[in-house]
Amino acid sequence: MDTYLFGAGASKSYGVSPTNQKMPLANEFFTIFNNLKICGNPWVLVGKTINYVQETYGVNPFEFTNFNDDIERLNSVVYEKFRVELSNKNMPEAMWLNAIHNELTFIFTSILNEIQNGPTSKFYKTIAANIGSNDVLITYNWDTLLDIALFENSSWCCDTGYSFCPNYIYRNEWVKPENNLSEVLLLKLHGSTNWLTSHTIFSNEEPTFSHVGKPSDINVFESTLNPYPCFDGRYMAGYRNFTYGYYPPNILAKPNVPDGYTRVRSIMRNGQNVKGESPEYGVESMPLIIPPIQDKEYDKYGSLFKQLWLNASIALTESDRIFIVGYSFPQTDTATISLFTTAFISRKQFPEIIIINPFPEGIVDLFKYKFGIKEKYIHVDKCFLDDDYNMAKW
């Protein structure tokens with residue numbers, strides 16, 4: 001049994017996007033967004049972020065295209081301010097900051113959707129074609145480049161392949177998952193652009209979801225042929241499987257309307273911001289990703305991420321070989337270091353460790369001195385990943 005762990009460097013290898021852009025690192029977020037056509041689409045909401053950047057950094061709105069702060073730092077500050085205002089019961093400010101945080105999440109997800117909306121990744125395709133039954137793939141990436149390659153080149157399916165059972169899967173309409181057993185598991189420890197939940201609302205000064213149901217009720221977008229229902233009918237055509245244009249489909253759920261409240265919506269119209277033509281039934285959805293902030297809220301979604309991380313720990317405990325692909329174990333990622341430490345304590349034999357990274361020295365030291373792996377079990381390929389990297393040689 002093999003386990004593959006993928007970091008940002010793996011998806012960064014994707015170099016055939018029609019946008020001519022690569023997946024962004026934290027300090028490339030705004031630069032890449034401003035290089036994409038969506039930055040000029042009036043349906044792509046960025047106004048709250050522009051206002052916040054103006055108020056906080058003094059950046060003129062007309063110069064926003066030159067703004068290039070680290071998205072993790074910016075989002076972390078916004079979300080921490082939200083928590084403070086929420087604890088202080090300053091609801092107008094808390095709701096405003098939460099709206100900015102959600103807007104950043106949508107923009108971030110949209111960037112990934114635009115870039116991955118191209119040919120299947122050759123690098124991930126090689127992996128999909130060579131994995132064995134019962135192998136496990138673990139990724140911190142939100143994009144669906146790996147999902148697409150597995151869907152097209154292996155027996156993987158999203159009905160069971162994410163290790164949880166979705167509420168519904170969108171296959172040109174919302175359908176219940178089938179009992180197809182995926183031999184390979186894809187564990188996305190920070191969520192995915194095609195996992196959908198509902199927006200946050202505030203009831204009795206506490207944030208909750210705008211749908212009735214459990215926090216762990218997750219829906220998955222796979223594909224569509226026809227326009228799907230979404231916010232203001234703003235369906236965008238021209239996207240491949242596991243990828244969509246800014247607004248994901250509305251989910252089938254009962255709206256969460258607190259007692260004494262009525263659900264209303266107002267939309268400002270101008271000559272460009274015209275209403276879309278797709279249906280509007282259901283509850284508006286948003287992507288379920290653990291966004292790039294320092295203090296990640298895994299518990300927000302019930303037991304979902306606890307189970308995903310437990311499954312990852314089991315895989316690391318049982319694997320004969322563990323591939324570390326494009327991931328550098330940053331010191332701030334204490335959750336991952338704890339994950340490996342706990343898993344290796346439970347092992348009776350050393351696994352083979354294969355590290356594929358252009359700067360592997362710190363990772364090798366971590367495995368030797370922190371995780372206790374003898375050097376003879378550690379193999380290194382010191383290189384930058386690209387679409388032509390041949391994983392089959394291992």
Side-chain angles (χ1 to χ4, degrees), residues 11 17-21 23-24 28-52 64-65 71 75 98-118 141-145 147-148 170 172 174 191-200 210 218-251 265-289 291-292:
S11 288
S17 172
T19 65
N20 294 318
Q21 303 295 316
M23 290 297 176
E28 301 171 324
F29 173 81
F30 289 103
T31 297
I32 290 179
F33 173 69
N34 289 315
N35 287 336
L36 296 171
K37 291 181 179 179
I38 57 165
C39 75
N41 188 325
W43 283 353
V44 174
L45 305 180
V46 72
K48 293 181 178 65
T49 302
I50 291 176
N51 289 338
Y52 177 82
F64 179 73
T65 54
I71 183 59
N75 214 356
N98 183 66
I100 297 169
H101 172 70
N102 285 348
E103 190 173 89
L104 287 168
T105 299
F106 265 94
I107 297 170
F108 186 82
T109 302
S110 188
I111 290 172
L112 304 186
N113 274 319
E114 295 299 313
I115 294 173
Q116 68 197 15
N117 187 34
N141 299 325
W142 304 277
D143 63 76
T144 58
L145 289 171
D147 316 47
I148 292 167
Y170 201 91
N172 203 41
W174 286 115
S192 183
T193 57
N194 70 318
W195 296 3
L196 304 179
T197 184
S198 66
H199 291 252
T200 301
S210 60
I218 307 306
N219 303 274
V220 169
F221 176 79
E222 181 186 284
S223 59
T224 194
L225 297 173
N226 303 317
Y228 51 64
C230 61
F231 172 77
D232 200 33
R234 298 180 181 184
Y235 168 78
M236 300 179 190
Y239 291 83
R240 64 169 305 164
N241 293 352
F242 295 88
T243 303
Y244 53 86
Y246 193 79
Y247 293 98
N250 293 349
I251 59 177
R265 184 178 74 194
S266 62
I267 299 175
M268 299 292 291
R269 300 285 185 201
N270 56 36
Q272 291 183 312
N273 188 17
V274 297
K275 179 178 172 59
E277 298 181 354
S278 70
E280 292 188 62
Y281 62 85
V283 175
E284 287 87 0
S285 69
M286 67 179 297
L288 194 168
I289 64 171

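- Atom CD in Gln21 sits 5.5 Å away from atom CD1 in Ile32 (nearest 0.5 Å).
- Lys275 contributes atom NZ, which lies 4.5 Å from atom CG of Asp232 (distance to the nearest 0.5 angstrom).
- Using a 4.5 Å heavy-atom threshold, the side chains of Asn172 and Asn226 count as touching.
- Taking the side chain as every heavy atom from C-beta outward, Leu112 and Pro24 approach each other to under 4.5 Å.
- Aromatic rings from Tyr244 and Tyr235 are positioned such that their centres are separated by 6.0 Å or more.
- With contacts defined as side-chain heavy-atom distances shorter than 4.5 Å, the pair Ser285/Asn219 does not qualify.
- With contacts defined as side-chain heavy-atom distances shorter than 4.5 Å, the pair Cys39/Val46 does not qualify.
- For the atom pair Leu104 CG and Leu45 CG, the distance stands at 11.5 Å (nearest 0.5 Å).
- Between the side chain of Trp142 and the backbone N or O of Leu288 there is no donor-acceptor pair closer than 3.5 Å.
- Using a 4.5 Å cut-off on side-chain heavy atoms (C-beta onward), Ile38 and Asn113 make no contact.
- A side-chain contact (heavy atoms from CB on, under 4.5 Å) with Pro287 holds for exactly one of Phe221, Phe106, Trp195; it is Phe106.
- The CD atom of Glu280 lies 13.5 Å from the OH atom of Tyr228; values are rounded to the nearest 0.5 Å.
- Nearest heavy-atom pair, Glu284 versus His199, reported as atom, atom and distance to 0.1 Å: O-CD2, 3.5 Å.
- Contact annotation: the side chain of Asn250 never approaches that of Tyr170 to less than 4.5 Å [non-hydrogen atoms, C-beta and beyond].
- When each of Ile111, Asn34, Asn75 is tested with Phe29 by the rule side-chain contact (heavy atoms from CB on, under 4.5 Å), just one qualifies, namely Ile111.
- Using modelled atom types, one finds no donor on one side chain facing an acceptor on the other under 3.5 Å when comparing Tyr246 with Glu114.
- Contact of the Phe33 side chain with the Ile71 side chain is not registered, since no non-hydrogen atoms from C-beta on lie closer than 4.5 Å.
- With rounding to the nearest 0.5 angstrom, the OG atom of Ser192 is 7.5 Å from the CG atom of Asp143.
- Listed here is the closest heavy atom pair of Cys230 and Ser278: SG-OG, 3.7 Å.
- A donor-acceptor pair shorter than 3.5 Å cannot be found between the side chains of Thr144 and Asn194.
- Note that the OG1 atom of Thr243 and the CD1 atom of Ile115 stand 11.5 Å from one another [nearest 0.5 Å].
- Residue Met23 comes nearest to Gln116 through the heavy atom pair CE-CB, 3.8 Å, listed as atom of the first residue, atom of the second, then distance.
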